[in-house]
Amino acid sequence: MTSISKFDSMQKSVKLCPNGVNIKLLIRHSIRPEVQEGISTSGVLLTEEGKILAEQFGERIEMEIGTFSSSCYGRCVQTCEHIITGYNKRHGEHFFEIQTSEQIRTPQNKDAKLSGETFKKLGISKVFDGFVSGVDMPGFYDLERGVKKILNYMFSTGNKPNTLDVFCTHDFQMAMVLLYLEGNTPI
């Protein structure tokens with residue numbers, strides 16, 4: 001019986017990309033340990049499994065990499081570092097500077113302190129309900145503005161033809177982008 005790599009779909013998808021274009025890849029950081037609710041995750045790093053998975057992912061990248069951008073949180077930077085390690089195993093030594101940006105870490109925050117208080121009060125589900133219904137939430141930009149900050153950053157970074165630009169962020173920002181792209185925005 002043949003096993004199917006978890007990266008097969010990525011390898012098939014890359015073959016669909018036309019020659020001469022720049023590809024943008026927005027990913028969530030690799031695996032981190034579980035953290036109890038109410039505990040800050042800002043200093044939480046990757047598990048050993050997360051490091052290995054990111055490295056394996058990097059080994060499977062067939063395109064030339066243009067740029068790496070990351071949230072400033074250690075687990076996102078580590079994810080990029082381990083992708084680079086895996087990529088270099090297959091493609092020889094390359095040096096990549098990992099750019100960190102608030103635009104992919106907290107694009108939803110109009111006021112970080114106030115949004116943190118609102119998040120604690122409402123919880124993640126009600127924050128996303130607020131995004132969908134267009135409710136003004138203290139400290140937050142609306143969904144469209146937050147996502148446009150991510151996309152504007154992504155499409156103003158890198159852009160060298162025939163390369164892959166990698167952007168590493170968090171679950172929350174990935175969910176924002178997916179929600180927006182699925183058309184679940186206020187009417």
Side-chain angles (χ1 to χ4, degrees), residues 9-10 13-14 16-18 20-32 35 37-44 54 57 61 63 65-80 83 97-161 163-187:
S9 65
M10 183 175 80
S13 295
V14 81
L16 299 174
C17 298
V21 299
N22 172 260
I23 306 297
K24 305 294 184 181
L25 179 64
L26 179 64
I27 59 173
R28 173 208 189 260
H29 58 76
S30 194
I31 301 168
R32 66 164 173 80
V35 178
E37 192 172 323
I39 305 293
S40 172
T41 60
S42 61
V44 177
F57 183 82
I61 295 175
M63 291 185 71
I65 295 177
T67 63
F68 277 93
S69 292
S70 172
S71 157
C72 62
Y73 281 17
R75 62 186 168 274
C76 291
V77 173
Q78 279 184 307
T79 298
C80 292
I83 290 171
E97 179 180 343
I98 302 168
Q99 303 170 44
T100 59
S101 172
E102 289 298 312
Q103 300 302 318
I104 56 176
R105 182 177 82 89
T106 54
Q108 72 280 358
N109 287 355
K110 188 184 316 181
D111 177 307
K113 184 176 187 247
L114 194 53
S115 69
E117 292 168 3
T118 302
F119 190 86
K120 281 182 183 175
K121 179 181 172 188
L122 297 179
I124 193 165
S125 294
K126 290 202 186 312
V127 167
F128 277 99
D129 288 345
F131 281 151
V132 170
S133 62
V135 172
D136 185 35
M137 294 178 289
F140 284 93
Y141 290 116
D142 62 63
L143 179 64
E144 181 176 2
R145 185 162 179 184
V147 171
K148 284 186 175 180
K149 287 172 74 175
I150 294 170
L151 296 176
N152 286 339
Y153 176 77
M154 288 175 63
F155 288 96
S156 67
T157 302
N159 300 320
K160 181 180 170 193
T163 62
L164 174 72
D165 294 329
V166 180
F167 301 86
C168 186
T169 189
H170 305 273
D171 304 37
F172 189 89
Q173 289 70 30
M174 292 292 294
M176 285 175 57
V177 170
L178 292 171
L179 185 67
Y180 180 77
L181 293 177
E182 284 295 316
N184 294 312
T185 56
I187 301 172

Original post:
Has the side chain of D142 got a donor or acceptor atom that lies under 3.5 Å from a matching backbone atom of E144?
Top reply: yes
**OP:** With side-chain contact (heavy atoms from CB on, under 4.5 Å) as the test, would you mind laying out the steps for T163 and M63 before giving the verdict?
**Re:** CA-CA 6 Å; T163 62; M63 291 185 71; 5.6 Å; no
Original post:
With sequence neighbours excluded, what pairs up with K24 under the salt bridge (charged side-chain N to carboxylate O under 4.0 Å, His left out) test?
Top reply: D165
**OP:** Enter the distance from T169:OG1 to Y153:OH here, rounded to the nearest 0.5 Å.
**Re:** 11.0 Å
Subject >> Any donor-acceptor pair under 3.5 Å from T79 side chain to S30 backbone >> reply: yes
Original post:
Donor-acceptor pair, N22 side chain versus P161 backbone, under 3.5 Å?
Top reply: no
Subject >> Rounded distance (nearest 0.5 Å) linking atom CG of L122 with atom CZ of F140 >> reply: 7.5 Å
Original post:
In Å, rounded to the nearest 0.5 Å, how long is the span from OG1 of T67 to CE of M154?
Top reply: 9.5 Å
Subject >> Straight-line distance of H170 NE2 to R32 CZ, nearest 0.5 Å >> reply: 9.5 Å
Original post:
If we only count heavy atoms from C-beta on, is the S69 to I104 side-chain gap below 4.5 Å?
Top reply: yes
Original post:
What's the verdict on side-chain contact (heavy atoms from CB on, under 4.5 Å) for L26 and V177, showing C-alpha distance, side-chain angles and the deciding distance?
Top reply: CA-CA 10 Å; L26 179 64; V177 170; 4.0 Å; yes
Original post:
Is a donor on one side and an acceptor on the other found under 3.5 Å between the side chain of S101 and the backbone of Q103?
Top reply: yes
Original post:
Does the gap between the ring centers of F172 and F128 come in under 6.0 Å?
Top reply: yes
**OP:** Drop me the distance from F119's CZ to N109's CG, to the nearest 0.5 angstrom.
**Re:** 10.0 Å
Subject >> Within-4.5 Å side-chain heavy-atom neighbours: V77 and C80 >> reply: no
Original post:
Between OG of S70 and CD1 of I98, what distance do you get to the nearest 0.5 Å?
Top reply: 6.5 Å
Subject >> salt bridge (charged side-chain N to carboxylate O under 4.0 Å, His left out) evaluation trace for E117 with K113 >> reply: CA-CA 6 Å; E117 292 168 3; K113 184 176 187 247; 3.6 Å; yes
Original post:
With a 4.5 Å heavy-atom cut-off, do L181 and V147 have their side chains touching?
Top reply: no
Subject >> P107 versus M176, closest heavy-atom pair with distance >> reply: CG-CE, 4.5 Å
Original post:
Between L114 and D111, what is the shortest heavy-atom contact and its length?
Top reply: N-OD1, 2.8 Å
Original post:
What pairs meet the salt bridge (Lys or Arg N to Asp or Glu O under 4.0 Å) rule with one or both residues in residues 97-106, with sequence neighbours excluded?
Top reply: E102-R105
Original post:
What is the minimum heavy-atom distance between T118 and P138, and which atoms define it?
Top reply: OG1-O, 2.7 Å
**OP:** Please examine the side chains of V132 and L143, heavy atoms only from C-beta on, and report whether any two atoms are closer than 4.5 Å.
**Re:** no
**OP:** Please confirm whether H29 and Y73 have ring centers closer than 6.0 angstrom.
**Re:** no
**OP:** Apply the side chain to side chain donor-acceptor pair (under 3.5 Å) test between Q173 and each candidate in K149, Q108, R28; give the one that qualifies.
**Re:** Q108
